[in-house]
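Here's the structure, in structure tokens; my notes come after.
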Amino acid sequence: MSIEIRNIVKTFGDFKALNDLSLNVESGELIALLGPSGCGKTSLLRVIAGLETPDSGQILFHGEDTTDRHVRERQVGFVFQHYALFRHMTVFENVAFGLRVRPKSTRPSDAEIKRKVHELLNLVQLDWLADRYPAQLSGGQRQRIALARALAVEPKVLLLDEPFGALDTKVRKELRRWLRRLHDEINVTSVFVTHDQEEALEVADRVVVMNQGKIEQIGTPSQVYDTPASPFVYQFLGDVNLFHSRVHEGWAKVGSGQFAAEPGEHATVYVRPHEIDLSRVASLHAIEGTITHIRLLGATVRLEVEVADKEVVEVELTRERQLEGAWQVAETVYLVPRESKIITAA
Amino acid sequence: MKWKQSSVLPGFNLALGYSVLYLSLIVLLPLAALISKSMGLDWASFWAIVTEPRVVASYKVTFGASLIAALINLFVGLLIAWVLVRYSFPGKRFIDALVDLPFALPTAVAGIALATLYAPNGLLGAPLDRLGIKIAFTPAGIVLALTFITLPFVVRTVQPVLEDMEKELEEAASSLGATRWQIFYRVILPTIFPALLTGFTLAFARAIGEFGSVIFIAGNMPFKSEITPLMIISKLEQYDYLGASAIAVVMLVVSFALLLMINGLQWWMTRHRR
């Protein structure tokens with residue numbers, strides 16, 4: 001089911017959590033709301049779920065206005081960061097909850113509930129835990145149970161609020177791949193909130209980058225990563241080196257190098273660490289510097305290069321390129337950005 | 001089995017030793033003295049004293065009125081705790097402080113105040129009397145006094161648990177289609193039930209032992225509104241120490257059994273949360 005969000009405004013006291021925000025989610029899509037804490041992504045998710053009421057604006061599910069509909073009637077599955085499992089119920093009863101609270105006329109029979117719950121527990125691969133209590137499970141297991149519970153009511157929309165935020169890195173990586181596979185299997189329209197850019201890029205069909213209650217950019221993972229629409233997106237997605245410079249006759253000077261810039265007064269140059277080549281020969285666009293540190297990070301090598309004005313530039317090379325170049329600390333090098341983004345302002 | 005657990009804070013031996021010594025001196029020793037005193041009676045005369053019809057009637061009044069008072073406070077206490085946690089309104093802190101008043105007030109003062117208020121010529125007693133309802137000097141008066149005295153227990157045990165309850169549990173239940181009533185009895189009630197039970201037990205235990213407030217409002221009519229502690233006092237006033245200790249032992253055993261039962265039930269209910 002598609003979700004249409006129209007001009008949503010939500011304030012908490014003086015704080016504008018959502019500032020006239022609009023967004024369309026296509027049916028069957030998996031969307032990530034990505035942004036720093038306080039950017040409004042969780043508020044947006046809660047507004048979609050009906051757990052918060054927007055000050056103004058509309059939420060449409062499949063073209064139908066649901067803004068004033070209670071969360072109970074919206075048929076959304078909501079997964080919380082801290083699981084929110086019912087501690088006094090077994091895993092089975094937790095998953096069965098949404099079926100048992102249905103009015104008598106639409107409530108499935110006990111046998112039907114049993115079949116359905118075991119089917120869902122099999123889907124999340126935890127059928128063997130049916131008789132345990134939440135306190136006896138690991139964090140990753142709890143979150144999978146929470147997901148099974150949310151799916152039990154056959155939601156039209158699945159909403160996940162930082163679903164892997166409380167888990168350790170290894171489990172988090174496993175679970176997000178698993179979530180992606182699960183989504184491909186069941187294909188329910190899903191929106192998940194995260195502050196982890198890697199997670200968003202890996203899992204989502206489209207990423208919505210948010211900042212200060214507004215959307216900065218919407219696009220596929222490669223779109224937002226390769227062609228960031230704003231300085232904020234550039235900085236938020238991945239590491240970036242940033243140079244401030246003045247524009248002079250169409251060129252922005254950075255140290256000894258210069259970059260073609262639009263007319264303007266000030267320019268900011270963004271260069272990602274892995275998009276810089278090192279050279280021992282000076283050239284027009286190269287920035288001169290001295291290597292101060294070389295650190296091995298598994299498959300890549302990170303070099304710190306001090307350029308003019310004591311500014312430090314991070315450069316990331318693959319192991320092979322570092323061996324080929326045989327770069328040494330204290331050596332003078334020329335940095336040649338392969339890609340850069342220059343934003344000029346008056 | 002290993003008794004001592006390593007911990008950052010030292011002093012396990014000292015702390016445990018002191019706790020045991022303290023409990024022995026303050027709780028166990030007087031109780032042991034009581035039981036040994038009652039041993040001065042042979043079984044037949046012990047049985048005769050504790051099954052005397054007037055005494056048996058007093059058990060019924062004491063345990064019955066205590067149970068009713070504790071049950072009333074189970075509901076009212078939950079309601080007050082709920083209101084104090086979930087809503088904010090002017091004067092909330094004042095009401096919060098008011099809840100503790102029955103703890104602070106000398107029980108005799110409470111008894112006299114209630115008796116004056118509910119006596120047939122009292123401020124509330126007079127209109128009630130005209131309706132044919134008598135509170136003071138009847139078992140209803142006993143329930144009233146005990147309800148007043150034991151009010152804080154349920155409120156104060158449930159309040160922190162309600163405060164700690166994650167709002168997300170209710171939101172999750174709501175998103176799964178549960179109505180408000182279903183959320184209350186399927187999610188909230190099971191979560192606070194152990195605390196409710198603790199509050200109920202404390203209130204009940206306190207009510208069984210209450211003396212000061214009750215005697216002023218009970219009227220103390222034999223077979224009707226005499227409580228067991230009063231039977232003990234009246235035996236003491238007649239220098240019948242053995243008789244008094246025999247009745248006391250019965251109260252002790254029954255109270256202990258009830259508390260044990262309730263604690264067992266509570267342990268059984270919360271066994272999965274550890």
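First the proteins, then the strands, lettered A, B, ... as listed; each starts at 1. A quick note: this is a predicted structure, and the numbers were derived from the prediction, not measured.
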Does B:Tyr185, at its OH atom, have more than 12 non-hydrogen atoms belonging to other residues, nucleotides or ligands within less than 6.0 Å?
yes

Interface moiety of A:Arg132 toward chain B, non-hydrogen atoms closer than 4.5 Å
neither

OH/B:Tyr87: more than 12 non-hydrogen atoms of other groups inside 6.0 Å
no

Do you know which of B:Thr179, B:Leu169, B:Ile183 has the most heavy-atom pairs under 4.5 Å to chain A?
B:Leu169

Sub-4.5 Å side-chain heavy-atom contact between A:Phe80 and B:Glu171
yes

Are any side-chain N or O atoms of B:Gln182 and backbone N or O atoms of A:Val101, one a donor and one an acceptor, separated by less than 3.5 Å?
yes

Report, as yes or no, whether the 6.0 Å neighbourhood of atom CZ on A:Arg107 holds more than 12 heavy atoms from other residues, nucleotides or ligands.
yes

Looking only at A:Gly50, A:Ala49, A:Ala84, A:Pro155, most heavy-atom pairs under 4.5 Å shared with chain B are made by A:Ala84

Let me know if A:Leu85 has heavy atoms under 4.5 Å from chain B in its side chain, its backbone, both or neither.
backbone

Given a strict heavy-atom distance threshold of 4.5 Å, which part of A:Phe78 is in contact with chain B: side chain, backbone, both, or neither?
both

Within the supplied structure, the quantity of interest is the number of heavy atoms (other residues, nucleotides, ligands) at a distance under 6.0 Å from A:Phe12 CZ; does it exceed 12?
yes

Determine the minimum heavy-atom distance between B:Ala172 and A:Arg149, stating which atoms define it.
CB-NH2, 3.4 Å

Could you grab the distance from atom CD of A:Glu93 to atom CZ of B:Arg186, nearest 0.5 Å is fine?
8.0 Å

If you count every heavy atom of other residues, nucleotides or ligands that lies below 6.0 Å from B:Phe256 atom CZ, does the total exceed 12?
no

For atom NZ of A:Lys114, is the number of surrounding heavy atoms from other residues, nucleotides or ligands below 6.0 Å larger than 12?
no

In short, B:Ser174 meets A:Val71 closest at the heavy-atom pair OG-CG1, 3.1 Å

Tell me, yes or no, whether the heavy-atom count around A:His62 atom NE2, taken from other residues, nucleotides or ligands under 6.0 Å, exceeds 12.
no

With rounding to the nearest 0.5 angstrom, report the NE2 to CD distance, A:His82 to B:Glu166.
8.5 Å

Using non-hydrogen atoms and a 4.5 Å limit, figure out which bit of A:Ala146 sits close to chain B: side chain, backbone, both or neither.
neither

To the nearest 0.5 Å, how far apart are CG in A:Leu51 and NZ in B:Lys167?
7.5 Å

Mind checking the OG-NE2 spacing from B:Ser175 to A:His70? Nearest 0.5 Å is all I need.
10.5 Å

More than 12 heavy atoms of other residues, nucleotides or ligands under 6.0 Å from CG of A:Asp184: is that the case?
yes

